[in-house]
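Report on one structure; see the data block that follows.
Fair warning: this is a prediction, and the values are worked out from it, not measured in the lab.
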Amino acid sequence: MIAISEWISERSPVDAVGLISIQSVLLVTIALVIATMATTWLRLAAVPFALAGLLTVSDTRTPDVLISEDAHLVAMPIGAGELAINRVRSNELPPTTGSAL
């Protein structure tokens, strides 16, 4: 499992999946339950749920407030694609000079 995850992470540098709608998660979950529980041709009943789940993936609502992982930086959309933030600078590591510790 670790070897497979390392292989995949080498080929996909971006870890962000993005926002996924609740409806999409529910529909794909229903499709997976039907596909794994049914043992006959009834497995085909999972296909419409899976397609509906894939079609509703992009139907998401963006969050009203964005909070950083350390909760020191908070941002809110103010319109026209701009964000209002509570700090002038984010927590950035200072540039290093010389060798690593």
Subject >> L26 reachable from V33 in the ILVMFWY side-chain graph, under 4.5 Å edges >> reply: no
Original post:
Can you hop from I34 to V28 via hydrophobic side chains spaced under 4.5 Å?
Top reply: no
Original post:
Nearest heavy-atom pair of S21 and T56: which atoms, and what distance?
Top reply: OG-O, 2.7 Å
**OP:** Could you tell me which non-hydrogen atom of I78 sits nearest to which non-hydrogen atom of A84, and how far apart they are?
**Re:** CG2-CB, 3.5 Å
**OP:** Determine the minimum heavy-atom distance between A31 and A50, stating which atoms define it.
**Re:** CB-N, 3.6 Å
Original post:
Looking at side-chain heavy atoms only, is the closest gap between L73 and I67 below 4.5 Å?
Top reply: no
Subject >> More than 12 heavy atoms of other groups within 6.0 Å of L44 CG >> reply: yes
Original post:
Between CG of N86 and CE of M76, what distance do you get to the nearest 0.5 Å?
Top reply: 11.0 Å
Original post:
What residue among L54, T29, L32, L27 forms side chain to side chain contact (heavy atoms under 4.5 Å, CB included) with F49?
Top reply: L27
**OP:** Identify, with sequence neighbours excluded, every residue that meets side-chain hydrogen bond (donor to acceptor under 3.5 Å, both in side chains) alongside D64.
**Re:** R61
Subject >> Neighbour count >12 (heavy atoms, 6.0 Å) for atom CD1, I4 >> reply: no
Subject >> L51: partners by side chain to side chain contact (heavy atoms under 4.5 Å, CB included), with sequence neighbours left out >> reply: V47
